[in-house]
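Written below as structure tokens is the structure these notes are about.
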Amino acid sequence: LQTYNALIYGLGKAGRPGKAKEIFYEMQKNGCRPDVITYNTLIYALGKTGEQSEAYDYFKEMKQQGLNPDGFTYSAVINAMGLMGHFEEACNLMTEMKELGCKPDVYVYSTLVNRLSKAGYVDRAWSLFREMKEQGCEPNRVTYNTVIAGLGKAGEMDEAWNLLREMKENGLTLDVITYNSMMDGLRRADQIDEALKLFKEMKDVGLVPDRVTYHILIIGLCVINRTGAAWALFQELKERKYVPDLIMYNILIAGLCRAGLVKDAESLMKEMRDDGCLPDVITYNTMIGGLGNLGRYEDARKLYAEMKERGCTPD
RNA sequence: UUUGAUUAUUGGUC
């Protein structure tokens, strides 16, 4: 049983829910009954990869089999419902678990808070955040990070600052994601200098900025044409021995295109290829847009042809 | 190490 569970888990993580399902049926053929963990793992695998309604089917099936869903089950199903935008159902599931005597834990709340803010329902996310506190479920670092990121996307940085303070007051440790989320919100709100202050602060408290940190700050600086500072950070990233990856190249290419420096963007695209980093659909979209803005329609068309030849599907 | 939640890149809309 544990071997099968582990297999299903691995296939889910590898983004192969179809194979995971095959194993699920194969184990039963071999006389091995799935337990709660098997279902949880399968539901998670399906829910993550766009098979959300199937995830729900297996949720029903496990109940029919007389198995009791637990917090793991509900967080996986609620996440799947949220991804489909079925928030009424997600809320019903919360109610259902309460009725079954299974108190929603911090994972379940955080999952739904995250899905609500991702779907643009920041207000509902906020009330759920308040509700969990009232219900005696203490938000942890991940919950705060989730809410801070949601507020940042909604441009509500005052609230985000309040939460940051609240985290400190509650003795929670801030991590790189906390800082990254704050800095991303600030750069969206055109407060890049505030973001740079936090960047200094995070280093002062001994946190090591990751790639995402640099990506956020470099985007923010590029957008307002502070290219010198952006370039300096790009050098710093390399000093930290972070190899520029696809996302970093996409950010720089977008920055150059935005500034009308499409020729430089083109050479950077060559350079990324030489580094063994293959352009993806975002790279092509960005370049095609940049070329189009300059009226270079023929070159745009060529890139469009090239992306299809390379098996990169236009979106 | 048998299962669950958080941050970044292109376009449109606000």
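In this text the structure is predicted, and so the values were computed from the model without any measurement. All chains are named by letter (A, B, ...) in the order of the sequence lines, taking the proteins before the strands, and each is independently numbered beginning at 1.
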Can you give each donor-acceptor pair under 3.5 Å made by side-chain atoms of residues 164-173 of chain A, sequence neighbours left out, with the distance rounded to 0.1 Å?
unit_1: Glu166(A); atom_1: OE2; unit_2: Lys133(A); atom_2: NZ; d: 2.9
unit_1: Glu166(A); atom_1: OE2; unit_2: Tyr144(A); atom_2: OH; d: 2.6
unit_1: Asn170(A); atom_1: ND2; unit_2: Tyr144(A); atom_2: OH; d: 3.2

With a 3.5 Å cut-off and sequence neighbours excluded, list the donor-acceptor pairs that the side chains of residues 108-119 of chain A form with protein atoms.
unit_1: Tyr109(A); atom_1: OH; unit_2: Glu131(A); atom_2: OE2; d: 3.4
unit_1: Ser110(A); atom_1: OG; unit_2: Val106(A); atom_2: O; d: 2.6
unit_1: Ser110(A); atom_1: OG; unit_2: Thr143(A); atom_2: OG1; d: 2.9
unit_1: Thr111(A); atom_1: OG1; unit_2: Tyr107(A); atom_2: O; d: 2.6
unit_1: Asn114(A); atom_1: OD1; unit_2: Lys118(A); atom_2: NZ; d: 2.7
unit_1: Arg115(A); atom_1: NH1; unit_2: Asn79(A); atom_2: OD1; d: 3.2
unit_1: Ser117(A); atom_1: OG; unit_2: Val113(A); atom_2: O; d: 2.8
unit_1: Ser117(A); atom_1: OG; unit_2: Asn114(A); atom_2: O; d: 3.4

Using distance only, find each side-chain donor-acceptor pair of residues 61-68 of chain A under 3.5 Å and give its atom names and separation, not counting sequence neighbours.
unit_1: Glu61(A); atom_1: OE2; unit_2: Tyr39(A); atom_2: OH; d: 2.7
unit_1: Lys63(A); atom_1: NZ; unit_2: Glu96(A); atom_2: OE2; d: 3.0

For residues 257-269 of chain A, which side-chain N or O atoms pair as donor and acceptor with protein atoms under 3.5 Å away, sequence neighbours left out?
unit_1: Glu266(A); atom_1: OE1; unit_2: Arg296(A); atom_2: NH1; d: 3.2
unit_1: Glu266(A); atom_1: OE1; unit_2: Arg296(A); atom_2: NH2; d: 3.3
unit_1: Glu266(A); atom_1: OE2; unit_2: Arg296(A); atom_2: NH2; d: 2.9
unit_1: Ser267(A); atom_1: OG; unit_2: Lys263(A); atom_2: O; d: 3.1
unit_1: Ser267(A); atom_1: OG; unit_2: Asp264(A); atom_2: O; d: 3.1

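Open room surrounds OH on Tyr121(A); 12 or fewer heavy atoms of other groups in view lie less than 6.0 Å from it. Enclosure of atom OH in Tyr304(A) is not indicated, since only 12 or fewer non-hydrogen atoms of other residues, nucleotides or ligands lie within 6.0 angstrom.
Scored by the salt bridge (charged side-chain N to carboxylate O under 4.0 Å, His left out) test, Arg141(A) finds Asp175(A) as partners (sequence neighbours excluded). Residues forming a salt bridge (charged side-chain N to carboxylate O under 4.0 Å, His left out) with Arg310(A) (at least two apart in sequence, or on another chain): none. Judged as a side chain to side chain contact (heavy atoms under 4.5 Å, CB included), and not counting sequence neighbours, the contacts of Ile219(A) are Arg187(A), Val223(A), Ile251(A). Partners of Arg211(A) according to the side chain to side chain contact (heavy atoms under 4.5 Å, CB included) rule, which considers only residues two or more places apart in sequence or in another chain, are His215(A), Tyr242(A), Val243(A), Asp245(A).
Atom CE of Met287(A) is separated from atom NZ of Lys302(A) by 12.0 Å, given to the nearest 0.5 angstrom. Note that CZ of Arg33(A) and CE of Met27(A) are 10.0 Å apart. Values are rounded to the nearest 0.5 Å. Atom CG of Leu207(A) sits about 6.5 Å away from atom OH of Tyr179(A), to the nearest 0.5 Å.
Taking atom CE of Met62(A) as the reference point, atom P of U3(B) lies 15 Å away to the nearest angstrom. One interatomic measurement links the two molecules: CZ of Phe72(A) to C1' of G4(B), which rounds to 6 Å at whole-angstrom precision. Atom P of nucleotide U3(B) and atom OH of Tyr4(A) are separated by 18 Å, given to the nearest angstrom. Going from atom CE of Met202(A) over to atom C1' of U7(B) covers 11 Å, rounded to whole Å. Between Asn145(A) atom CG and U6(B) atom C1' the separation is 5 Å, expressed in whole Å. Following rounding to the nearest Å, Leu11(A) (CG) and U3(B) (C1') show an atom-to-atom distance of 14 Å. Rounded to whole angstrom, the span from the CG atom of Leu46(A) across to the C1' atom of G4(B) amounts to 14 Å. Atom P of nucleotide G4(B) and atom CD1 of Ile8(A) are separated by 13 Å, given to the nearest angstrom.
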**Study point:** Secondary structure of RNA chain B in dot-bracket form (Watson-Crick or G-U wobble, distances below 3.5 Å, | marking inter-strand pairs)
**Key:** ..............

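In this model, the phosphate group of G4(B) is approached by a side-chain N or O of Lys13(A) to a distance below 4.0 Å at OP1 or OP2. Regarding contacts with the backbone of U3(B), every side-chain N or O of Lys48(A) stays at 4.0 angstrom or more from both OP1 and OP2.
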Write out a two-atom table: protein N or O, nucleotide N or O from nucleotides 12-14 of chain B, distance below 3.5 Å.
none

Taking only N/O atoms, report every protein-nucleotides 8-11 of chain B pair under 3.5 Å with atom names and distance.
unit_1: A8(B); atom_1: OP1; unit_2: Lys153(A); atom_2: NZ; d: 2.3
unit_1: A8(B); atom_1: N3; unit_2: His215(A); atom_2: ND1; d: 2.7
unit_1: U9(B); atom_1: OP1; unit_2: Arg187(A); atom_2: NH2; d: 3.0
unit_1: U9(B); atom_1: OP1; unit_2: Arg188(A); atom_2: NH2; d: 3.4
unit_1: U9(B); atom_1: O2; unit_2: Asn250(A); atom_2: ND2; d: 2.9
unit_1: U10(B); atom_1: O4'; unit_2: Thr286(A); atom_2: OG1; d: 3.2
unit_1: U10(B); atom_1: O2; unit_2: Asn285(A); atom_2: ND2; d: 2.7

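Side-chain N/O atoms of Asn140(A) and base N/O atoms of A5(B) include a donor-acceptor pair closer than 3.5 Å.
Nearest to the side chain of Ala6(A), among G4(B), U2(B), U6(B), sits U2(B).
The stretch residues 79-116 of chain A touches RNA chain B through Asp105(A), Tyr107(A), Val108(A), Ser110(A), Thr111(A), Asn114(A), each having a heavy atom under 4.0 angstrom from the strand.
No contact: Gly152(A) has no heavy atom under 4.0 Å from any strand.
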Review point. Run the salt bridge (Lys or Arg N to Asp or Glu O under 4.0 Å) check on Asp193(A) and Arg226(A) step by step: do they pass?
Key: CA-CA 11 Å; Asp193(A) 289 308; Arg226(A) 281 165 61 175; 3.2 Å; yes

